[in-house]
There are 2 protein chains.
Amino acid sequence: MIAKQRIAYKRSQQRERILEILRNTTEHPTANWLYDHLKQEFPNLSLGTIYRNLRILHEQGKISILDFGSTFDRFDARLDTHYQFICESCGKVCDVDLPVMETLEKKASENLGATIHRHRIEFYGTCAECSYKKEDGK
Amino acid sequence: MIAKQRIAYKRSQQRERILEILRNTTEHPTANWLYDHLKQEFPNLSLGTIYRNLRILHEQGKISILDFGSTFDRFDARLDTHYQFICESCGKVCDVDLPVMETLEKKASENLGATIHRHRIEFYGTCAECSYKKEDGK
DNA sequence: GTTCATGCAAATCGTTTGCACAATG
DNA sequence: CATTGTGCAAACGATTTGCATGAAC
């Protein structure tokens with residue numbers, strides 16, 4: 001478990017673009033989406049680079065990693081605690097505008113005798129568009 | 001998306017034991033844990049069988065699948081909504097005894113115009129034992 | 001020039017699947 | 001005996017990693 005000694009981060013075009021895109025998207029892209037998207041700018045781009053940079057951005061505390069049941073992670077430049085909704089029909093992930101309940105952590109903490117650093121809430125269901133599609137015709 | 005036509009489920013020793021174990025464990029075993037555990041009873045057991053049966057038990061509504069950020073899923077014979085705590089130090093998963101907040105789904109639903117079927121809450125932190133270990137010595 | 005980042009391909013790891021054979025009903 | 005389940009090994013898909021080359025400082 002000897003962590004590879006890293007002295008400093010150097011800048012890289014790719015990393016800066018990844019962060020920029022994440023900051024300008026309300027969607028929560030997957031690694032693969034980022035790859036497809038940036039492939040145009042960097043024709044030789046590789047998926048390894050995407051993943052390495054996502055990990056680095058996460059280490060730097062600049063992005064967060066949202067891991068749901070789905071096989072792939074979603075990445076987000078929003079760092080504050082916020083809740084998510086996942087559409088089980090189309091897979092879309094979006095933020096839910098509900099006040100964050102700090103008290104929950106306290107209660108759970110007392111309950112378990114554990115130290116709690118953070119919590120997540122995920123809502124699962126069918127989004128407005130998908131409900132609409134299902135209603136008419138097929 | 002042609003679902004393989006299944007007429008009926010037949011019983012199988014392996015499946016019954018898997019369910020039995022899940023019902024008698026408060027831990028939330030991984031597929032691999034179940035495999036190791038049952039390998040003694042069924043020396044030729046294969047992981048494929050574990051996964052197939054877990055999926056079938058889930059289809060039958062007898063177990064639930066808990067998927068966290070960790071690479072592997074956890075399985076649970078408790079079916080009612082309940083919240084989880086995940087120790088970031090030892091990876092243990094346990095249930096949190098807090099009242100289920102039905103109203104949350106309603107609020108989120110109004111917020112998004114979506115239909116919400118269920119929600120999950122996960123707390124992340126350090127469990128009592130791990131906190132204790134860290135305190136003294138190393 | 002030393003260190004970090006890239007691209008590429010191979011490796012990893014949890015999970016799924018195709019197939020021939022065994023168990024169930 | 002028709003159908004489902006098993007074991008095995010190969011396949012899968014998201015992510016990671018080793019290595020030689022290229023960019024940053």
Side-chain angles (χ1 to χ4, degrees), chain A residues 1-20 28-60 62-76 91 93, chain B residues 1-20 28-60 62-75 86 91 93:
Chain A
M1 190 140 297
I2 298 144
K4 194 193 292 177
Q5 200 63 33
R6 186 197 296 281
I7 311 299
Y9 295 106
K10 289 181 177 166
R11 300 176 51 199
S12 102
Q13 311 269 344
Q14 289 89 332
R15 184 148 68 239
E16 286 176 358
R17 285 294 293 132
I18 291 173
L19 182 55
E20 203 177 332
H28 301 267
T30 61
N32 207 61
W33 186 93
L34 288 164
Y35 173 70
D36 287 342
H37 208 74
L38 283 173
K39 188 80 180 177
Q40 303 162 32
E41 288 174 49
F42 305 94
N44 293 324
L45 185 64
S46 86
L47 254 174
T49 298
I50 298 284
Y51 281 110
R52 261 185 299 240
N53 280 317
L54 285 168
R55 185 158 38 74
I56 290 176
L57 287 169
H58 183 61
E59 277 169 29
Q60 297 178 327
K62 291 180 179 163
I63 65 168
S64 52
I65 299 178
L66 308 171
D67 32 50
F68 304 108
S70 32
T71 11
F72 26 76
D73 290 352
R74 306 290 193 130
F75 302 89
D76 191 354
V93 174
Chain B
M1 192 142 292
I2 297 144
K4 195 192 293 178
Q5 202 61 33
R6 186 196 296 281
I7 312 298
Y9 294 106
K10 289 182 177 164
R11 300 175 53 198
S12 102
Q13 309 270 345
Q14 290 87 332
R15 183 148 70 240
E16 286 175 359
R17 285 293 292 134
I18 290 173
L19 182 55
E20 203 177 333
H28 301 268
T30 61
N32 207 61
W33 186 92
L34 288 164
Y35 173 70
D36 287 342
H37 209 73
L38 283 173
K39 188 81 179 177
Q40 303 163 32
E41 287 174 50
F42 305 95
N44 293 325
L45 186 65
S46 87
L47 253 174
T49 298
I50 298 285
Y51 281 110
R52 261 185 299 239
N53 280 316
L54 286 168
R55 186 158 37 76
I56 291 177
L57 288 169
H58 184 60
E59 278 170 29
Q60 298 178 326
K62 291 180 179 163
I63 65 168
S64 52
I65 298 179
L66 309 171
D67 33 50
F68 303 109
S70 33
T71 11
F72 25 78
D73 291 352
R74 305 291 193 128
F75 302 89
I86 301 102
V93 174

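Numbered from 1 within each chain, the chains take letters A, B, ... in sequence-line order.
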(request) Under 4.0 Å from any atom of DNA chain C, heavy atoms only: list the residues of residues 11-20 of chain A that qualify, in numerical order. (result) S12(A), Q14(A), R15(A)
(request) Would you kindly give the OH-to-P distance between Y35(B) and dC13(C), to the nearest whole Å? (result) 16 Å
(request) Return the set of residues passing side chain to side chain contact (heavy atoms under 4.5 Å, CB included) with S12(B) (not counting sequence neighbours), or none when no residue passes. (result) Q14(B), R15(B), N53(B)
(request) Would you mind reading off the distance between Y9(B) atom OH and dT24(C) atom C1', rounded to a whole angstrom? (result) 16 Å
Please write out the pairs of protein N or O atoms and N or O atoms of nucleotides 8-11 of chain D separated by less than 3.5 Å, giving the distance to one decimal.
{"unit_1": "dC8(D)", "atom_1": "OP2", "unit_2": "N44(B)", "atom_2": "O", "d": "3.0"}

(request) For K62(A), check side-chain hydrogen bond (donor to acceptor under 3.5 Å, both in side chains) against everything at least two apart and list the hits. (result) Q60(A)
(message) Restricting to side chain to side chain contact (heavy atoms under 4.5 Å, CB included), what partner residues turn up for R55(B), sequence neighbours left out?
(response) R52(B), E59(B)
(message) Could you tell me how far apart Y51(B) (OH) and dC13(C) (P) are, to the nearest whole angstrom?
(response) 13 Å
(request) Return the value, rounded to whole Å, for the distance between atom CG of N53(A) and atom P of dA23(D). (result) 16 Å
(message) Taking ring pair (Phe, Tyr, Trp, His ring centres under 6.0 Å) as the definition, give me every residue that meets it alongside H58(A), ordered by chain and number, with sequence neighbours left out.
(response) none
(request) Could you pull out all residues at least two apart from E16(B) that satisfy side-chain hydrogen bond (donor to acceptor under 3.5 Å, both in side chains)? (result) R11(B)
(message) Whether the side chain of K10(B) and the base of dT4(D) hold a donor-acceptor pair under 3.5 Å is what I'd like checked.
(response) no
(message) What is the separation between atom CZ on F42(A) and atom P on dG22(D), rounded to the nearest whole Å?
(response) 17 Å
(request) Can you see which heavy atom on I18(B) is nearest to which on L57(B), and at what distance? (result) CG2-CD1, 3.8 Å
(request) Please report the shortest heavy-atom distance between I50(A) and A31(A), naming the atom on each side. (result) CG2-O, 3.7 Å
(request) Mind calculating the distance between CD1 (I50(B)) and P (dT6(D)) to the nearest angstrom? (result) 9 Å
(request) Can you sort out the partners of N32(A) under side chain to side chain contact (heavy atoms under 4.5 Å, CB included), two or more places apart, ordered by chain and number? (result) T30(A), Y35(A), D36(A), L47(A)
(message) What is the distance, to the nearest angstrom, from the CG atom on L47(A) to the C1' atom on dA11(C)?
(response) 15 Å
(request) Please report, rounded to the nearest Å, how far the C1' atom of dT15(D) is from the CD1 atom of I56(A). (result) 15 Å
(request) Under the side chain to side chain contact (heavy atoms under 4.5 Å, CB included) rule, collect the residues that match up with E20(A), sequence neighbours excluded. (result) R17(A), N24(A)
